[in-house]
Amino acid sequence: MATSRALQVRLPPLPSIKDIIRLYKLRALRELSQNFLMEPRLIDKIVRAAGNIENNIVCEVGPGPGGITRSIIQQAPRKVILIEKDRRFIPTLELLADACRGKVDVDIIPGDILKTNIAHYIPEDVKCEWNDPPPPINLIGNLPFSVSTILIIRWLEMISKKEGPWAFGRTRMTLTFQKEVAERMAARITDNQRCRLSVMCQNWCNVNYKFNIPGKAFLPKPEVDVGVVTLTPLKQPIINLPFKMVEKVARQIFSMRQKYSIRGCQTLFPEEIREEMALKMYKMAEIDPVTRPFQIANGEFNRLCEAYNEIIKQYPELEKYDYRAPKKKPDVNVEGSN
């Protein structure tokens, strides 16, 4: 630990985040779901949750006025990549980049994280094999509520394909979410919060719900508390099938959360054959049809997805069936499929 402290980067005296916000006349925009974390102790706690980031490549999503960025820089990473959509914050981030020039390399990327290829800014020499320990790369971010779920689903798909930051290995994430979303991500079997997001996150990652941050620590104060979650991609997913297929099965089974899980499963199939096909799927997976969705363990979801995949191989035309699309009669003959 002494060595790590010795390598900490000391920034020159800088205005506090509160002063920065006042000096630059910054305010959080409701339409961008912005909330600034003001307490240095909690900011440091988020960065510590990422583990030892010394000499790592750290990508921060939505740094805003730079509170978390300061804490990251002080831990002596090799490089910090800042992706910020709101150009009002660029001058405050440039101030930080200038303050640590010659000590930490800082890239400021103005842009939307949903449209930014992070991998483009990561040096090739940190690349690892997938089964190796995670590479020296960290994604850290106090995510706006409006984008957090969309972003994590998109990143899970990239993990499943080993694309983007995950082309370099099992890149770790330390992110904030609305407390309820964080609870869903980590929710285990029989938990009241267990849902599609639970299955998706846990299928591709080890999910570690670290701690909560009270809403009052933010400016402006959100109506909910915030949860900090770390995610480390698994060497092998529990359900080793295409992302879209796993998502579809989980989404439909949880679409009727309080009913027997087979009711949601039936919506994977056209109305004329859904009862027969859903029963076939549950029989193949050896799952009791009256099990509620939140009572299905990850391994059991694996069996359900494998069963659905086998049915799709037998009847390829069913793969494109969408319960929400306008109804039309299917041209599927399942006679004798039992």
- Query: Should we say atom CG of Asn131 is surrounded by more than 12 heavy atoms from elsewhere, each under 6.0 Å from it?
  - Reply: yes
- Query: Would the number of heavy atoms belonging to other residues, nucleotides or ligands and lying under 6.0 Å from CD of Glu319 be above 12?
  - Reply: no
Could you state the interatomic distance from [atom1] ([X]) to [atom2] ([Y]), rounded to the nearest 0.5 Å?
| X | Y | atom1 | atom2 | result |
| --- | --- | --- | --- | --- |
| Lys320 | Asp322 | NZ | CG | 12.5 Å |
| Asp112 | Asp86 | CG | CG | 11.5 Å |
| Cys201 | Leu156 | SG | CG | 5.0 Å |
| Ile72 | Cys59 | CD1 | SG | 9.0 Å |
| Asn298 | Ile238 | CG | CD1 | 4.5 Å |
| Met158 | Thr171 | CE | OG1 | 10.0 Å |

- Have a look at Ile137 and tell me which of Ile122, Val58, Ile81 forms a side-chain contact (heavy atoms from CB on, under 4.5 Å) with it. Ile122
- Please determine which of Leu175, Val181, Val147 meets the side-chain contact (heavy atoms from CB on, under 4.5 Å) test together with Ile152. Leu175
Lys/Arg N to Asp/Glu carboxylate O, [X] vs [Y], below 4.0 Å:
| X | Y | value |
| --- | --- | --- |
| Asp125 | Arg78 | yes |
| Asp191 | Arg194 | no |
| Glu310 | Lys313 | yes |
| Glu183 | Lys179 | yes |

Would you confirm whether [X], through its side chain, and [Y], through its main-chain N or O, come within 3.5 Å as a donor-acceptor pair?
| X | Y | result |
| --- | --- | --- |
| Lys79 | Asp107 | no |
| Ser148 | Phe145 | yes |
| Arg303 | Ala285 | yes |
| Thr176 | Leu143 | yes |
| Gln178 | Glu180 | no |
| Asn52 | Glu54 | yes |
| Asn138 | Arg172 | no |
| Glu84 | Gly64 | yes |
| Arg170 | Trp130 | yes |
| Asn203 | Pro237 | no |

- Message: Out of the candidates Tyr323, Tyr308, Tyr321, only one should pair with Lys248 under the side chain to side chain donor-acceptor pair (under 3.5 Å) rule; please name it.
- Response: Tyr308
Taking atom types as modelled, find out whether [X] and [Y] have a side-chain donor-acceptor pair closer than 3.5 angstrom.
| X | Y | value |
| --- | --- | --- |
| Asp44 | Ser71 | yes |
| Thr267 | Gln252 | yes |
| Tyr282 | Thr291 | no |

- Give the ring-plane orientation class for Phe243 versus Trp204, where under 30° counts as parallel, over 60° as perpendicular and anything between as tilted. tilted
Got [X] and [Y] here, is their nearest side-chain heavy-atom distance under 4.5 Å?
| X | Y | value |
| --- | --- | --- |
| Val126 | Ile57 | yes |
| Cys205 | Thr232 | no |
| Leu268 | Met281 | yes |
| Asn208 | Val229 | no |
| Val226 | Asn212 | no |
| Met245 | Asn309 | yes |
| Phe301 | Val246 | no |
| Ile213 | Phe218 | yes |

To check you understand the geometry: which heavy-atom pair defines the closest contact between [X] and [Y], and what is its length?
| X | Y | result |
| --- | --- | --- |
| Pro293 | Met256 | CG-O, 3.8 Å |
| Gln193 | Ser198 | O-OG, 3.9 Å |
| Asp225 | Gly215 | OD1-N, 2.9 Å |
| Phe211 | Ala49 | CE2-CB, 4.2 Å |

- Message: Using side-chain contact (heavy atoms from CB on, under 4.5 Å), reason through Gln202 and Arg188 one step at a time and then give a plain yes or no.
- Response: CA-CA 9 Å; Gln202 293 163 30; Arg188 299 294 175 178; 3.2 Å; yes
- side-chain contact (heavy atoms from CB on, under 4.5 Å) between Ile296 and Ser261, intermediate numbers included: CA-CA 9 Å; Ile296 302 176; Ser261 60; 3.7 Å; yes
- Task: Output all residues satisfying salt bridge (charged side-chain N to carboxylate O under 4.0 Å, His left out) with Lys161, sequence neighbours left out; order by chain, then residue number.
- Result: Glu157
- Audit row: Thr69, Glu60, side chain to side chain donor-acceptor pair (under 3.5 Å) steps and yes/no: CA-CA 7 Å; Thr69 314; Glu60 185 186 356; 2.6 Å; yes
- Task: Following the transitive rule for hydrophobic clusters with a side-chain heavy-atom cut-off under 4.5 Å over Ile, Leu, Val, Met, Phe, Trp and Tyr, establish whether Met200 and Ile189 coincide in one cluster.
- Result: no
- Item | Test log, rule side-chain contact (heavy atoms from CB on, under 4.5 Å), inputs Val80 and Asp105 | CA-CA 6 Å; Val80 180; Asp105 184 17; over 6 Å; no
- Ring-ring centroid check Tyr209 Phe177, cutoff 6.0 Å: no
- Taking the six-membered ring for Trp, are Trp166 and Trp155 ring centroids under 6.0 Å apart? yes
- Query: Between Arg48 and Gln75, is a side chain to side chain donor-acceptor pair (under 3.5 Å) present by the stated rule, with each step listed?
  - Reply: CA-CA 9 Å; Arg48 284 199 306 272; Gln75 299 306 310; over 6 Å; no
- Between Glu275 and Phe269, does a side-chain contact (heavy atoms from CB on, under 4.5 Å) hold up when you go through it step by step? CA-CA 8 Å; Glu275 289 189 18; Phe269 306 103; over 6 Å; no
